[in-house]
Amino acid sequence: MDGAYLSDVTGVILVGGKSRRMGRDKALLSFGGTPLVERVIDTFRPLFPRTILVGDRSERFAPYGLPVYPDIHPGSALGGLHTGLARAGTPYIFVSACDVPWPDPRVIERLCSLREGYDVVVPCTDDGLDPLFAVYGTGCLPAMERMLREGDYRIYDFYPEVRTRHVEPAELADLVTPGRTFVNVNTPEEFETVRYREEGMAIKALSFVAKSGTGKTTLLEKVITELKGRGYRVGVIKHDAHRFDIDHPGKDSHRLTAAGADTMLIASPEKLAMVKKHAESPPLEDLLATYFGDVDIVLTEGFKKSGLPKIEVHRKERSATLLCRGEEHDPTLVAVASDEALELDVPVLDLNDPAQVAGFVEERFLR
């Protein structure tokens with residue numbers, strides 16, 4: 001690419017989000033061995049003569065040697081966008097959030113090539129407009145500033161006031177990879193899904209999900225017995241959305257925990273158990289990596305929103321509908337264990353034949 005071609009465009013990366021839904025700093029999440037923000041920085045460096053970051057806590061990004069500007073109007077993506085445009089010093093910026101796992105330089109170049117005569121160049125995707133992977137010109141500043149003063153933070157509300165170029169999917173079809181190009185991650189479940197797609201799981205894991213009262217624990221119990229009989233080492237994680245207590249009042253271990261121990265472990269020659277307090281539920285991938293390095297597969301009960309592959313357990317008397325098919329289409333569904341025949345796009349296994357279910361798990365994940 002001719003470096004002069006984008007000499008009037010600054011790359012802007014928004015790093016100031018609070019990551020409330022993620023629960024930890026999205027920018028620095030490791031993805032494919034590299035922090036998410038670094039993947040965007042590495043994409044921008046060859047494209048733009050200058051790249052800047054917009055957000056707080058600039059010390060997080062000291063290793064990258066890039067300018068970090070705090071928001072002029074904190075608290076919204078529009079405020080970050082406005083700050084980037086005001087601080088860039090060029091007629092245009094290309095903006096990206098920091099949580100884009102697969103920023104495609106070819107798509108960025110295509111969008112930038114359409115900037116002449118426009119104040120906004122924004123891609124239209126299957127999910128709607130993507131205002132945080134787009135081109136903006138300084139002609140947007142007055143409208144942005146008015147919206148910020150009025151407390152209107154929806155970015156595309158000012159598009160009708162400026163010269164906006166909507167880039168239709170057909171114009172990018174030769175470049176876009178569905179499910180990758182315009183993906184960003186906002187929650188632990190979304191991050192697990194894209195990381196599984198990119199890296200696979202170092203530890204094989206599969207989640208059994210179902211509506212309450214369907215019998216997934218009973219099936220899971222029998223599948224574990226089947227897999228153990230075939231010589232596999234099996235780990236299990238059960239998801240509990242409520243508070244639980246596995247210890248009993250009066251026991252020494254319970255007394256020590258009640259006294260305030262943050263971690264209490266009891267060990268015998270045969271087994272050990274640990275009670276560990278935490279402020280929030282740890283990420284599923286951390287649980288797998290920390291506790292299950294010595295097993296062949298981990299079966300989880302629940303975790304409906306995780307990115308793990310899933311087998312849904314279905315019983316016709318319990319419900320006529322599925323969790324993962326119907327109103328929602330979960331791409332991580334790999335099979336359904338049912339007591340009735342179903343026409344689906346994934347294998348339908350016999351709920352009352354745990355050997356068949358275990359055979360599917362073995363064939364799909366252990367061979």
K.L.:
Restricting to ring pair (Phe, Tyr, Trp, His ring centres under 6.0 Å), what partner residues turn up for F158, sequence neighbours left out?
P.N.:
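Partners of F158 by the ring pair (Phe, Tyr, Trp, His ring centres under 6.0 Å) criterion come out as none, since no residue qualifies.
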K.L.:
Which residues pass the side-chain hydrogen bond (donor to acceptor under 3.5 Å, both in side chains) test with T300, not counting sequence neighbours?
P.N.:
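Listed in chain order: S207.
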K.L.:
Between R315 (side chain only) and T214 (backbone N and O only), is there a donor and an acceptor less than 3.5 Å apart?
P.N.:
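Yes: the side chain of R315 pairs with the backbone of T214.
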K.L.:
Please lay out, stage by stage, how R165 and E171 fare under the test salt bridge (charged side-chain N to carboxylate O under 4.0 Å, His left out).
P.N.:
CA-CA 12 Å; R165 172 72 153 85; E171 299 178 79; 2.8 Å; yes
K.L.:
Considering only NZ, NE, NH1 and NH2 on the basic side and carboxylate oxygens on the acidic side, decide whether K310 and D330 come within less than 4.0 Å.
P.N.:
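Result for this pair is yes, salt bridge flagged.
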K.L.:
Which heavy atom in V107 sits nearest to a heavy atom in F182, and how many Å separate them?
P.N.:
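Reported closest heavy-atom pair: CG1-CZ, 4.1 Å.
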K.L.:
Pairs in or reaching into residues 344-367: which pass salt bridge (Lys or Arg N to Asp or Glu O under 4.0 Å), with residues at least two apart or in two chains?
P.N.:
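Matches after skipping sequence neighbours: R230-E362, R325-D345, E362-R367, E363-R367.
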K.L.:
For atom CD of E317, decide whether the heavy atoms of other residues, nucleotides or ligands shown that lie under 6.0 angstrom number more than 12.
P.N.:
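Check fails, neighbour count at 12 or below.
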K.L.:
Look at the side chain of R60 and the backbone N and O of D56, then say whether any donor-acceptor pair between them is shorter than 3.5 Å.
P.N.:
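Yes, the answer is positive, given that a donor and an acceptor are paired below the 3.5 Å cut-off.
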K.L.:
Spell out, yes or no, whether M144 and L14 are grouped together once hydrophobic residues are joined by side-chain heavy atoms under 4.5 Å, including indirect joins.
P.N.:
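Linked, M144 and L14 end up in one cluster.
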K.L.:
For H314, what residues pass the ring pair (Phe, Tyr, Trp, His ring centres under 6.0 Å) criterion, not counting sequence neighbours?
P.N.:
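Once residues adjacent in sequence are excluded, H314 has no partner under the ring pair (Phe, Tyr, Trp, His ring centres under 6.0 Å) criterion.
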K.L.:
Begin from the C-alpha positions of L172 and R110 and carry the test side chain to side chain contact (heavy atoms under 4.5 Å, CB included) through to its verdict.
P.N.:
CA-CA 8 Å; L172 300 172; R110 178 75 58 83; 3.5 Å; yes
K.L.:
Evaluate the side chain to side chain contact (heavy atoms under 4.5 Å, CB included) criterion for residues Y159 and V122: first the C-alpha distance (whole Å), next the side-chain angles of each, then the deciding distance (0.1 Å), finally the verdict.
P.N.:
CA-CA 10 Å; Y159 287 179; V122 60; 3.9 Å; yes
K.L.:
Answer yes when R115 and D119 have at least one side-chain N-carboxylate O distance shorter than 4.0 Å, and no when they do not.
P.N.:
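No, no charged N to carboxylate O under 4.0 Å.
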K.L.:
Looking at D294, is its backbone amide N or carbonyl O close enough to the side chain of R233 to form a donor-acceptor pair, meaning the two atoms are under 3.5 Å apart?
P.N.:
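Yes, because the side chain of R233 sits within donor-acceptor range (under 3.5 Å) of the backbone of D294.
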K.L.:
Which residues pass the salt bridge (charged side-chain N to carboxylate O under 4.0 Å, His left out) test with K238, sequence neighbours left out?
P.N.:
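With sequence neighbours excluded, K238 shows a salt bridge (charged side-chain N to carboxylate O under 4.0 Å, His left out) to E301, given in chain and number order.
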K.L.:
Determine whether a donor-acceptor pair (N or O, by modelled atom type, separation under 3.5 Å) exists between the side chain of Y136 and the backbone of V121.
P.N.:
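Between the backbone of V121 and the side chain of Y136 there is no qualifying donor-acceptor contact (under 3.5 Å).
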K.L.:
Is it true that a side-chain atom of T187 and a backbone atom of E190 form a donor plus acceptor pair closer than 3.5 Å?
P.N.:
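Such a contact is found between T187 side chain and E190 backbone.
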K.L.:
Using the rule given for side chain to side chain contact (heavy atoms under 4.5 Å, CB included), can you reason through V54 versus I13, listing the C-alpha separation, both sets of side-chain angles and the distance that settles it, and then say yes or no?
P.N.:
CA-CA 6 Å; V54 176; I13 306 172; over 6 Å; no
K.L.:
Are the side chains of V135 and I108 in contact, using a 4.5 Å heavy-atom criterion?
P.N.:
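Sidechains of V135 and I108: no contact.
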K.L.:
Please report the closest heavy-atom contact between C98 and V15, naming both atoms and the distance.
P.N.:
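Looking at all heavy atoms of both residues, the closest pair is CB-CG1, 3.9 Å.
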K.L.:
Test side chain to side chain contact (heavy atoms under 4.5 Å, CB included) on L132 and I155 and set out the steps.
P.N.:
CA-CA 9 Å; L132 294 183; I155 293 174; 3.7 Å; yes
K.L.:
Do the side chains of I224 and L299 get nearer than 4.5 Å, heavy atoms only?
P.N.:
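Heavy-atom side-chain distance check passes, below 4.5 Å.
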K.L.:
Please examine the side chains of D99 and V37, heavy atoms only from C-beta on, and report whether any two atoms are closer than 4.5 Å.
P.N.:
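No, every pair of side-chain atoms sits at 4.5 Å or beyond.
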K.L.:
Testing the basics here: between A210 and K304, what is the closest heavy-atom pair and its distance to 0.1 Å?
P.N.:
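Heavy atoms only, the tightest pair is O-CD, 4.5 Å.
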K.L.:
Test of understanding: with salt bridge (charged side-chain N to carboxylate O under 4.0 Å, His left out), list the residues that count as partners of E150, not counting sequence neighbours.
P.N.:
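Expected list: R146.
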K.L.:
Test your reading of the model: is there a side-chain donor-acceptor pair from S76 to the backbone of Y153, 3.5 Å cut-off?
P.N.:
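Not at all, since once roles are kept as given, no pair shorter than 3.5 Å links the two residues.
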K.L.:
What ring-ring contact (aromatic ring centres under 6.0 Å, His included) pairs are there with at least one residue in residues 271-293, not counting sequence neighbours?
P.N.:
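Passing the test, one end in residues 271-293: no pairs.
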K.L.:
Going by the rule ring pair (Phe, Tyr, Trp, His ring centres under 6.0 Å), which residues pair with Y92 if we only count those two or more places apart in sequence or in a different chain?
P.N.:
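Scan of Y92 (ring pair (Phe, Tyr, Trp, His ring centres under 6.0 Å), adjacent residues dropped) gives none.
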K.L.:
Listed by chain and number, what are the side-chain contact (heavy atoms from CB on, under 4.5 Å) partners of A267, not counting sequence neighbours?
P.N.:
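Here the qualifying residues are L265, L272.
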K.L.:
I need the D25 CG to L36 CG distance, nearest 0.5 Å.
P.N.:
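So the gap between those two atoms works out to 10.0 Å.
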K.L.:
May I have all residue pairs that pass salt bridge (Lys or Arg N to Asp or Glu O under 4.0 Å) and include part of residues 248-262, sequence neighbours excluded?
P.N.:
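Every salt bridge (Lys or Arg N to Asp or Glu O under 4.0 Å) pair that includes a residue of residues 248-262, provided the two are not neighbours, is D252-R255.
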K.L.:
Judged by atom type as modelled, is there a donor-acceptor pair below 3.5 Å linking the side chain of E312 to the main-chain atoms of C324?
P.N.:
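Checked: pair present.
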K.L.:
When clusters are formed from ILVMFWY side-chain contacts under 4.5 Å, directly or step by step, what else is grouped with V348?
P.N.:
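Same cluster as V348: L322, L333, V336, L342, L344, V346.
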K.L.:
Look at the side chain of R39 and the backbone N and O of V100, then say whether any donor-acceptor pair between them is shorter than 3.5 Å.
P.N.:
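Between the backbone of V100 and the side chain of R39 there is no qualifying donor-acceptor contact (under 3.5 Å).
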K.L.:
Does the pair D157/R154 count as a salt bridge with the N-to-O cut at 4.0 Å?
P.N.:
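Yes, this pair counts.
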K.L.:
Are R180 and V194 packed together at the side-chain level, in the sense that at least one heavy-atom pair is separated by less than 4.5 angstrom?
P.N.:
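With C-beta onward as the side chain, the pair stays apart.
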K.L.:
Would K26 and N186 count as having a side-chain donor-acceptor pair, cut-off 3.5 Å?
P.N.:
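Present: a donor and an acceptor within the cut-off.
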K.L.:
Taking the inter-plane angle between the rings of F31 and F191 on a 0 to 90° scale, is it parallel (under 30°), tilted (30 to 60°) or perpendicular (over 60°)?
P.N.:
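Ring orientation of F31 relative to F191: tilted.
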K.L.:
Start with the C-alpha distance between F133 and F94, add both sets of side-chain angles, then the distance that settles ring pair (Phe, Tyr, Trp, His ring centres under 6.0 Å), and finish with yes or no.
P.N.:
CA-CA 7 Å; F133 202 76; F94 183 89; 5.0 Å; yes
K.L.:
Any chance the side chains of T125 and D127 put a donor and an acceptor closer than 3.5 Å?
P.N.:
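Checked: T125/D127 side chains show no N/O donor-acceptor pair below 3.5 Å.
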K.L.:
Identify the two heavy atoms, one from D104 and one from L175, that lie closest to each other, and give their separation to 0.1 Å.
P.N.:
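Shortest heavy-atom separation between D104 and L175 comes out as OD2-O, 3.7 Å.
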K.L.:
Looking only at side chains, do T321 and K211 share a donor and an acceptor under 3.5 Å apart?
P.N.:
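Side chains of T321 and K211: pair found under 3.5 Å.
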K.L.:
Using the test side-chain hydrogen bond (donor to acceptor under 3.5 Å, both in side chains), find all partners of K216 that sit at least two apart in sequence or belong to another chain.
P.N.:
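Counting only residues at least two positions away or on another chain, K216 forms no side-chain hydrogen bond (donor to acceptor under 3.5 Å, both in side chains).
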K.L.:
Is there side-chain contact between L85 and C140, with at least one heavy-atom pair below 4.5 Å?
P.N.:
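Heavy-atom side-chain distance check passes, below 4.5 Å.
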K.L.:
Which pair of non-hydrogen atoms, one from D71 and one from G80, has the smallest distance, and what is that distance?
P.N.:
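D71 and G80 have their closest heavy atoms at OD1-CA, 3.1 Å.
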K.L.:
Determine yes or no for a side-chain-to-main-chain donor-acceptor pair under 3.5 angstrom, with T225 supplying the side chain and E221 the backbone.
P.N.:
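Yes: the side chain of T225 pairs with the backbone of E221.
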K.L.:
For a quick test of reading the model, state the closest non-hydrogen atom pair linking G84 to I52 and the distance between them.
P.N.:
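So the minimum-distance heavy-atom pair works out to O-CD1, 3.9 Å.
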